[in-house]
Amino acid sequence: MFRKTSPHLMELVSVDSHSSERVLLHKQCRSCGAENLRMIGPCLKLSQAGMKLFLDGQVSENVWGSLYRCKACGLGMRIPCLAEDQLIKLYKDMELGNWSYDFNKNSAWVAARKALLRNWDESDLPLILDIGAYEGRFLQGLPARWQKNAIEPSLHAQNILRSKGIRVISDSLINVTTDWYARFDAVCMFDIFEHLPDPKLGLISALRYLKHGGRLFVSTGNMEAWPWKWLGAEHWYLQFPQHVSFGSRRFFNWFCTEALVNHVYFHDISHR
């Protein structure tokens, strides 16, 4: 979790190399720009059955890439990887039911709810934003009085969110109008970081929607966990080509220094 302490004006733009699928090919860090990358190995591929279930066969062989890690900021990244417009298309066309979690079995959601309830009780009216809310199950697990908002690219999921009384403010993290800047008490990003081609820009975009002193909750894979050290590029997290960036304590500490935000805490969870 991070606490916002100052405005954020910095921007980084990923450079796209054009191909039939618009993949990002530059072998430099997509967050800090360093060219000092360590190659870990070719990324694990999703099975053909998994391809059909999760991606409907929409990607080809040249998007699996290899896993690299930046020696400067600690970010892990897939190179080459799908460009942002390709990723957005996948999410917009996503059918319902691919990611359906029981709230109390999702460790990140449970931990975030406990943290939120330490700051606001059930009678308060905090303004909460869930980025990549999908069908809204995390927001539904929060107290009924809380004001719930979402950013969600899937057109099918947007309709479900609205039917549950959750306000959809945008289909993209970077396409929200400035009217929403500095409005929210808490912003949540569960399993979103790994989908961001430029995670530094994505995190800065998320911080813009927080009030001064607001909280940003981020849940993602940790490259410094022992399974990553054991499996490397064969880790299961890499079998999805839409997973393009990989965090760690080292990267988030670097980001907090760069973006002038206070790091509040890390919380290790098991993702099953």
Side-chain angles (χ1 to χ4, degrees), residues 12-48 50-51 53-91 94 98-99 131-132 153 172-174 189-203 205 218-225 227-252 254-255 271:
L12 281 183
V13 180
S14 294
V15 178
D16 292 354
S17 296
H18 292 272
S19 71
S20 60
E21 289 191 297
R22 286 180 53 74
V23 294
L24 300 181
L25 293 168
H26 271 47
K27 290 187 178 179
Q28 65 184 60
C29 180
R30 296 194 293 265
S31 276
C32 74
E35 296 182 355
N36 192 8
L37 307 183
R38 178 172 68 92
M39 181 180 175
I40 297 174
C43 294
L44 180 68
K45 294 182 181 180
L46 192 62
S47 67
Q48 288 300 314
M51 281 278 290
L53 175 64
F54 286 101
L55 300 170
D56 197 25
Q58 293 183 55
V59 299
S60 61
E61 285 293 313
N62 68 339
V63 301
W64 296 102
S66 294
L67 177 63
Y68 290 79
R69 192 171 189 194
C70 178
K71 294 182 179 181
C73 70
L75 179 70
M77 65 206 85
R78 182 192 302 272
I79 300 175
C81 71
L82 286 168
E84 189 168 16
D85 57 348
Q86 291 286 319
L87 290 165
I88 289 173
K89 183 180 186 304
L90 283 173
Y91 308 142
M94 187 185 303
N98 280 357
W99 287 277
I131 298 170
S172 170
L173 174 60
I174 60 175
M189 297 174 64
F190 301 107
D191 302 318
I192 299 300
F193 178 93
E194 61 269 22
H195 297 264
L196 301 173
D198 184 344
K200 178 181 178 182
L201 176 58
L203 290 172
S205 296
V218 180
S219 172
T220 189
N222 175 15
M223 285 192 75
E224 292 164 358
W228 283 84
K229 295 177 181 178
W230 174 33
L231 296 170
E234 291 291 310
H235 194 282
W236 68 267
Y237 216 60
L238 294 160
Q239 66 184 323
F240 305 102
Q242 66 269 53
H243 286 187
V244 298
S245 298
F246 310 100
S248 63
R249 292 186 180 222
R250 180 181 166 194
F251 172 79
F252 286 111
W254 171 86
F255 171 78
H271 186 85

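Counting from 1, the numbers follow the sequence of the chain as shown. Note that this is a predicted model, so its numbers are computed, not measured.
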Might you work through the side chain to side chain contact (heavy atoms under 4.5 Å, CB included) test for R30 and C81, ending with a clear yes or no?
-> CA-CA 11 Å; R30 296 194 293 265; C81 71; 3.7 Å; yes

Could you walk me through whether K45 and E234 pass the salt bridge (Lys or Arg N to Asp or Glu O under 4.0 Å) check?
-> CA-CA 9 Å; K45 294 182 181 180; E234 291 291 310; over 6 Å; no

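F252 has its side chain out of reach of L75: every pair of non-hydrogen atoms, C-beta onward, lies at least 4.5 Å apart. Using a 4.5 Å cut-off on side-chain heavy atoms (C-beta onward), P42 and W64 make no contact. Two residues are said to be in side-chain contact when any heavy atoms from C-beta on lie closer than 4.5 Å; R250 and R69 meet this criterion. Between E194 and S245 there is no side-chain heavy-atom pair separated by less than 4.5 Å. For the pair S172/P153, no side-chain contact is recorded, criterion being any heavy-atom separation below 4.5 Å from C-beta on.
To the nearest 0.5 angstrom, L173 atom CG is 5.0 Å from I131 atom CD1. In this structure, K229 NZ and I40 CD1 are separated by 12.0 Å, a value rounded to the nearest 0.5 Å. If you take SG on C43 and CZ on F240, they are separated by 13.0 Å, rounding to the nearest 0.5 Å. To the nearest 0.5 Å, atoms CG (L203) and CE (M189) are separated by 5.5 Å. Expressed to the nearest 0.5 Å, how far CG of L196 lies from CD1 of I174 amounts to 9.5 Å. Put simply, CG on L37 and OG on S66 are 12.0 Å apart, with the number rounded to the nearest 0.5 Å.
Between W228 and Y237, the ring planes lie perpendicular to each other; the angle is over 60°, past the 30° to 60° tilted range.
Nearest approach of C29 to C32, heavy atoms of both residues: SG-N, 3.3 Å. When all heavy atoms of S248 and G74 are compared, the closest pair comes out as OG-O, 3.6 Å. Closest approach of M77 to C70, counting heavy atoms only: CE-CB, 4.0 Å.
Aromatic rings from F251 and F193 are positioned such that their centres are separated by under 6.0 Å.
Side-chain atoms of R78 do not come within 3.5 Å of backbone N or O of L67 as any donor-acceptor pair. In this structure, S31 contributes its side chain and K200 its backbone to a donor-acceptor pair below 3.5 Å. Between the side chain of H195 and the backbone N or O of H243, no donor-acceptor pair lies under 3.5 Å.
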